[in-house]
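Chain letters run A, B, ... following the sequence lines, proteins first, then strands; residues in each count from 1.
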There are 2 protein chains.
Amino acid sequence: MVTMEDVARLAGVSKMTVSNVVNNRGGVGDLVRQRVLEAIRESGYRVNVSARTLKSGRTGVIGLAVPEIDLPYFSHLADLVIDAAARRGYHVAIERTGAAETGEADALAHSRLLQFDGLILSAVALDGLDERLTEAGYPIVMLGERDFGGRFDHVSMPNEAGIKAATGHLADQGCRRIGIVSGPAREGVNVVTRRYRAYLDALTERGLAADPPLLFPLDRMTMEAGRAAAHRMVDSGHEVDGLVAVTDTIAIGVLRGLADRGLRVPDDVRLIGFDDVPEARFLVPSLSTVAPDHRWMAEKAVELVVQRVHAPSRPTGEYVAPFDLMIRESTR
Amino acid sequence: MVTMEDVARLAGVSKMTVSNVVNNRGGVGDLVRQRVLEAIRESGYRVNVSARTLKSGRTGVIGLAVPEIDLPYFSHLADLVIDAAARRGYHVAIERTGAAETGEADALAHSRLLQFDGLILSAVALDGLDERLTEAGYPIVMLGERDFGGRFDHVSMPNEAGIKAATGHLADQGCRRIGIVSGPAREGVNVVTRRYRAYLDALTERGLAADPPLLFPLDRMTMEAGRAAAHRMVDSGHEVDGLVAVTDTIAIGVLRGLADRGLRVPDDVRLIGFDDVPEARFLVPSLSTVAPDHRWMAEKAVELVVQRVHAPSRPTGEYVAPFDLMIRESTR
DNA sequence: TTGAAAGCGCTAACAG
DNA sequence: CTGTTAGCGCTTTCAA
């Protein structure tokens, strides 16, 4: 391994001068700088990030903790966060929190997360984690639909406005019996409850509320579950002419499930989703959906962590992403 | 910040004993261990990974470099690699290599990649990177369809066998004019050329080869490009009754493009893809496809890097993933 | 503009 | 079973 010491010797300068060159710190004569750069090239020197971090206390890395990277929403988000961070000179480390803990000693369990200068934490990943992180006074930005009671900077989706717009759009298209295909959570504040409530509100505003509500529940937020829910809906004989799916992933399953039962979209049932995943435009029929501005969210989240790295005690804020309603074949 | 020193003082032992407890190193009395764990809890101590790494020379981290995490194939792979690595006591750092370099000094450009104990490198990401990495004698496993001339451990997809099986399956279904929708690369060894060649070979074997071949080219490997290619195919009046799409992503676009022109799948044209992305089963019609064993690939890649970490000079090997042919509605 | 000294928090090696 | 010693490679601080 080539160290700074080696480079210094090779260039006939001190370690410190090499460090200054490597970090573009100025105050180094042009001639000396050239000699040092040459020595770096020759020796194949590379900084040891651990040593730098140990000494400086800064990693230059923002952690992004998501429950699964496998999910289109999270991988897309990761991509955007990486861009936003790079623009501010930060690197992003993606951490998957979904899996069970390894056999590490308790004290070490989340130490990796705390290695970073700041953390963008997707809310689903939060359970059993928050106390340790909160107490640390560590720069954290929360992402997701839960309620954090103002304890953190928080960036969320346009849940209420988006679902209201979607439901309203179905009504505008002439739907009178509008159902919702929604996930497992029954209580608390989260994606499912927030969007379900917004759906009910939208129906009430339009005088379309059904009793009992046309809720087609899911046990998981997957395509498979969406398909099964569509089957159950059709088989139970409910006469629904419009459907709101809480996410596009579920909508894809619902689309398939309706096809399985011979129902046509939009002719028999209109369907709208939430997220605007890349496939949405390419499905047959193409999927109408609420398109939150993911780039805006990534940008905001990074901006907030970086700010907080420099001003740890700044008051926290709540931020909701803007959205577009993408009207496509599935509701026309 | 709480250090080991602090914990040691609190527990009335030496730093070393704390270190032993933290690393489950045994040779510590039960009583002392309890005292130390208690002190750790009380003080909220967390290991400083940088210090540990600096001293030990090991990070316990495997890097996974992919061009984009946004692409379903890569995010799925990442997920599987994380699992495989965890089973061996390693952590995975995902690095996106797609974007242009930042303004870092030359010597630093890829230093982050070399911080890890080993690296799984997706081939697309390789350009301009390989020399530096090769010369380092650093544990690397290549992933992807390019030709590395045996310089690295290499895990690849079943390109030839998979595409041959897919093309053969179309022929078995009665297709006689089988086309291929394929990507931009015209030369070299890569996904596109390998799969195109396998398609031609399969046709020749069956006596179905057309001249000129029914190649519908793409400028990019996206859904959008697949859709456009389908449009061009139909508009050009080619009478095709079977289509191989080099990837499922492209197949999704093709499916849509055919629908745009009023062609039905499989009645008018049969279509088969490659990858078995999660959506494949849920499309309407559901998509037949070559399903490489991604889990096998992840497992193999991790196994190989880990081996190489411990035996850097072991001879390299070539490994091709097994696959299944998933026959669904699009070819029935 | 350059350099010397000190030490970040941890662990390997050895001593007790 | 526990403690001591000696750095890992870098940057901060201060002096030249």
J.: Once rounded to the nearest 0.5 Å, what's the spacing between atom CE of A:Met157 and atom CG of A:Asp275?
T.: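 Reported value, rounded in 0.5 Å steps: 5.0 Å.
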J.: Just compare D:dT4, C:dG9, C:dT11 and give me whichever is closest to any side-chain atom of B:Asn48.
T.: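 Within the option list, the nearest is C:dG9.
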J.: Tell me which of A:Asp30 and A:Lys15 sits closer to the 5' end of DNA chain C, going by the nucleotide each one is nearest to.
T.: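 Its nearest nucleotide being more 5', the pick is A:Asp30.
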J.: Which part of the nucleic acid, if any, lies within reach of A:Gly27 when heavy atoms closer than 4.0 Å are counted: base, sugar-phosphate only, or nothing?
T.: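 Base, at least one base atom sits under 4.0 Å.
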J.: Within the structure provided, determine whether A:Arg35 and A:Thr17 are in side-chain contact (heavy-atom separation under 4.5 Å).
T.: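 A:Arg35 does not reach A:Thr17 side chain to side chain.
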J.: So, OP1 or OP2 of D:dG9: does either fall under 4.0 Å of a side-chain N or O from A:Thr3?
T.: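 No.
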J.: Select one nucleotide: of C:dA4, C:dG9, D:dT2, the one nearest the side-chain heavy atoms of B:Thr17.
T.: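 Between C:dA4, C:dG9, D:dT2, the one nearest the side chain of B:Thr17 would be D:dT2.
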J.: Return the value, rounded to whole Å, for the distance between atom CZ of A:Arg46 and atom C1' of D:dC10.
T.: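 Atom CZ in A:Arg46 sits about 17 Å away from atom C1' in D:dC10.
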J.: Give, for atom CD of A:Glu68 and atom CG of B:Asp79, the distance between the pair rounded to the nearest 0.5 Å.
T.: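 With rounding to 0.5 Å, CD (A:Glu68) is 5.0 Å from CG (B:Asp79).
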J.: Expressed as a whole number of angstroms, how long is the span from A:Asn20:CG to C:dT2:P?
T.: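 For the pair A:Asn20 CG and C:dT2 P, the rounded distance is 9 Å.
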J.: Classify the side chain of B:Lys55 and the base of D:dG7 as holding, or not holding, a donor-acceptor pair under 3.5 Å.
T.: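 Under the 3.5 Å cut-off, the side chain and the base do form a donor-acceptor pair.
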J.: When you get a sec, tell me which of C:dG3, D:dC10, D:dC8 is the closest nucleotide to the side chain of A:Val13?
T.: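 When the side chain of A:Val13 is considered, C:dG3 is the closest of C:dG3, D:dC10, D:dC8.
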J.: B:Arg58 has an atom CZ; how far is it from atom P of D:dC8, in whole Å?
T.: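 Checked: the CZ to P distance equals 19 Å.
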J.: Counting side-chain heavy atoms from CB outward, which of D:dT11, C:dC8, D:dT2 is closest to B:Val32?
T.: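 Ranking D:dT11, C:dC8, D:dT2 by closest atom to the B:Val32 side chain puts D:dT2 first.
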J.: Which whole-number value in Å describes the distance from B:Gln34 CD to D:dT2 C1'?
T.: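 Atom CD in B:Gln34 sits about 17 Å away from atom C1' in D:dT2.
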J.: Measure from the side chain of B:Met16, starting at C-beta and using heavy atoms only, and say which of C:dG9, C:dA13, C:dG3 lies closest.
T.: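 Nearest to the side chain of B:Met16 among the choices is C:dA13.
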J.: Expressed in angstrom and rounded to an integer, what is the separation of B:Met4 atom CE from C:dG9 atom P?
T.: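 Between P of C:dG9 and CE of B:Met4: 12 Å.
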J.: Distance check needed: C:dC8 P versus B:Arg52 CZ, whole Å only.
T.: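 Atom CZ in B:Arg52 sits about 19 Å away from atom P in C:dC8.
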J.: D:dT11 phosphate, OP1 or OP2: any side-chain N/O from A:Ser19 under 4.0 angstrom?
T.: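 Indeed, a polar side-chain atom of A:Ser19 lies that close.
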J.: Tell me: CG of A:Asn24 to P of C:dT1, nearest whole Å?
T.: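 Taking atom P of C:dT1 as the reference, CG of A:Asn24 is at 15 Å.
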J.: What is the separation between atom CZ on A:Arg25 and atom P on D:dC10, rounded to the nearest whole Å?
T.: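 Going from A:Arg25 (CZ) to D:dC10 (P), I get 12 Å.
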J.: Anything under 30° is parallel, anything over 60° is perpendicular, the rest tilted; go ahead and classify B:His294 against B:Tyr73.
T.: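 Correct class here is tilted.
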J.: B:Leu54 or B:Gly12: which one's nearest nucleotide on DNA chain D is closer to the 5' end?
T.: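 Counting from the 5' end, the first nearest nucleotide belongs to B:Gly12.
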J.: So how far is it from B:Leu121 CG to B:Glu95 CD, rounded to the nearest 0.5 Å?
T.: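 Rounded to the nearest 0.5 Å, the CG-CD separation comes out at 11.0 Å.
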